[in-house]
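Before any comments, here is the structure.
Lettering of chains follows the sequences in order, A, B, ..., and the numbering in each one begins at 1.
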There are 2 protein chains.
Amino acid sequence: MPELRIGEVAARSGIAASAIRFYESEGLLPNPDRESGRRVYDESILERLSLIDLAKRAGFSVAEIKKLLAGFARRTPPAERWRVLTEKKLKQLDERIAEAEQMKRVLRVVMSCRCPSLEDCSKAIHASRAAGREGE
Amino acid sequence: MPELRIGEVAARSGIAASAIRFYESEGLLPNPDRESGRRVYDESILERLSLIDLAKRAGFSVAEIKKLLAGFARRTPPAERWRVLTEKKLKQLDERIAEAEQMKRVLRVVMSCRCPSLEDCSKAIHASRAAGREGE
DNA sequence: CCTTGACTTCAAGTGTACTTGAAGAAGTAC
DNA sequence: GTACTTCTTCAAGTACACTTGAAGTCAAGG
C-alpha cells in the first residue's frame, strides 16, 4: 500500500494541507504515522476525508463531525449513534430548502419588477411573501 | 409623521439597535437626522429594514445588499441593476437546494445503515451519491 | 556544501455579521 | 439634584473554519 505525504493527500483530496492538519488537531483524523517527523498516510485517508467533506456539505460543523466519526471509530452502527443528530439535521435541511425556495420567489419578483421606487418594490415583495405562506 | 428613536425601531423591526447602527456604518442605511445627538427615524426606516432583512434571507451579503440598495436610491428599475446579481443568486439557490437534497439522501442512507465499519458505510454513501447523479 | 522543496510547530490573522463593553451625555422621574 | 433610562462612540470580542507567517527540520540534487 503506497504511503502518501500530506502534500499528496492534499492534491488528491482537494483539501488543503493546512485543513488536514486542522482536522487532525480537532480530532477528526487519527494521528498518522511519522517518517522523520513528517505525516505519512495510506490511501484510506482519502475516504475519510471525502466522508468529512460530505458531512461538512451536509451542514455538520466540525464539532458534530467529530462526534459522528467517534461513532465510526467504535464500530457501532451509525443508525444508533447518529439518530438524534441526523434527524435534527434532516429537519434543518428541509428548512434550508424551504428557505431557499422562498428566496427564489423573492428574487423572481424582484427580477420581473419594474418598480420606479423602493416602496412599490417592497409591496410586490410583501405580496410574494404572503403568497409563499398560503398553505400554512 | 411620528419620529422613532433607535430603540423603538429595533423593537418594531425585530432588528437589534446595534445591527441598525452597523448597517448605517456599512452604508445600507442613510444617515438619520439627530436630536441632541440621537438618531431619529421616520417610519419608512421600517420598510427599508424589512427589505434588508429580506435580502439577507435571500442569501445576499451586506456588501451585496449595499449594491442593491444603491440601485434603489437611484430609482432605476431593479430588473436592470439587479439582473446579474440576482441571476447568479438564483443559480446559487438551485445549487444549494440540490446539495441539500443530496445530503438528505446521504443522511437517509446513514440512518438506515447497519454498517459494522467505516468502509461499508462509505460504500453505501458513495452508491447513494451516484444515484443522486443519475440524470446528469 | 549548500540550496531547494516539502514538510514541521505554534501563534496570530482572515472574513462575515454582528455583539458587547466602557465611558459618557441628554432628557425624564422623583 | 440625583437617579434612571436610553441613547452616543469606538474598540474589542465572538463564532466558525481555516489560512498565513515565522522559524526551523529533513532528505535529495547539483
*Mind checking whether B/Glu47 and B/Leu51 have side chains closer than 4.5 Å, heavy atoms only?*
no
_Heavy-atom side-chain proximity of A/Val62 to A/Ile52 below 4.5 angstrom_ = no
*Do A/Val9 and A/Leu49 have side chains that get closer than 4.5 Å, going by heavy atoms?*
yes
_By side chain to side chain donor-acceptor pair (under 3.5 Å) - contacts of A/Gln92 (at least two apart)_ = A/Lys89
_Members sharing B/Val40's hydrophobic cluster (side chains within less than 4.5 Å)_ = none
_d(CD1, B/Ile20; P, D/dT6) in whole Å_ = 15 Å
_Enumerate the salt bridge (Lys or Arg N to Asp or Glu O under 4.0 Å) contacts for residues 4-20 of chain A, please, sequence neighbours excluded, ordered by first and then second residue._
A/Arg12-A/Glu43
_Neighbours of DNA chain C within residues 4-12 of chain A, by heavy-atom distance under 4.0 Å_ = A/Arg5, A/Ile6, A/Gly7
*Over how many whole Å does the gap from B/Arg34 atom CZ to D/dT8 atom C1' extend?*
8 Å
*Mind running side-chain contact (heavy atoms from CB on, under 4.5 Å) on A/Asp42 and A/Leu4 for me, showing each step along the way?*
CA-CA 6 Å; A/Asp42 63 48; A/Leu4 310 171; over 6 Å; no
*Output yes when at least one side-chain N/O atom of B/Arg39 is less than 4.0 Å from OP1 or OP2 of D/dT8, else no.*
yes
*Quantify the bending of the helix from C/dC1-D/dG30 to C/dC30-D/dG1 as the angle between its end axes, each fitted on five pairs, to 10°.*
30°
*With distance as the sole test, does B/Glu101 use its side chain to make a donor-acceptor pair with the main-chain N or O of B/Ala98 at under 3.5 Å?*
no
_Can you measure A/Ile65 atom CD1 to D/dA17 atom P for me and round it to whole angstrom units?_
8 Å
_I'd like to check the salt bridge (Lys or Arg N to Asp or Glu O under 4.0 Å) partners of A/Lys56; sequence neighbours left out, ordered by chain and number._
none
*Distance, rounded to the nearest Å, where B/Glu3 contributes CD and D/dC7 contributes C1'*: 16 Å
Hey, what are the protein-to-nucleotides 11-18 of chain C N/O distances that come in under 3.5 Å?
| from | atom 1 | to | atom 2 | distance (Å) |
| --- | --- | --- | --- | --- |
| C/dA17 | OP2 | B/Val62 | N | 3.4 |
| C/dC18 | OP1 | B/Lys56 | NZ | 3.4 |
| C/dC18 | OP2 | B/Tyr23 | OH | 3.0 |
| C/dC18 | OP2 | B/Lys56 | NZ | 3.1 |
| C/dC18 | O5' | B/Tyr23 | OH | 3.3 |

*Given atom CD1 of A/Ile15 and atom P of D/dT19, what is their separation to the nearest angstrom?*
10 Å
_Straight-line distance of B/Ile97 CD1 to A/Ile97 CD1, nearest 0.5 Å_ = 7.0 Å
_Once rounded to the nearest 0.5 Å, what's the spacing between atom CG of A/Leu28 and atom CG of A/Leu68?_
9.0 Å
*Do A/Arg48 and A/Pro30 touch side chain to side chain, with heavy atoms closer than 4.5 Å?*
yes
*So which pairs with a foot in residues 14-35 of chain B pass side chain to side chain donor-acceptor pair (under 3.5 Å), sequence neighbours left out?*
B/Glu24-B/Arg39
_Euclidean distance, A/Ile6 CD1 relative to A/Ile45 CD1, rounded to 0.5 Å_ = 9.0 Å
*asked:* Expressed as a whole number of angstroms, how long is the span from B/Glu24:CD to C/dT19:P?
replied: 15 Å
_Expressed as a whole number of angstroms, how long is the span from A/Leu28:CG to D/dC16:C1'?_
14 Å
*Return the value, rounded to whole Å, for the distance between atom OH of A/Tyr41 and atom C1' of C/dC7.*
11 Å
Restricting both atoms to N or O, compile the protein contacts to nucleotides 21-29 of chain D shorter than 3.5 Å, with distance only.
| from | atom 1 | to | atom 2 | distance (Å) |
| --- | --- | --- | --- | --- |
| D/dC26 | O2 | A/Arg38 | NH2 | 2.9 |

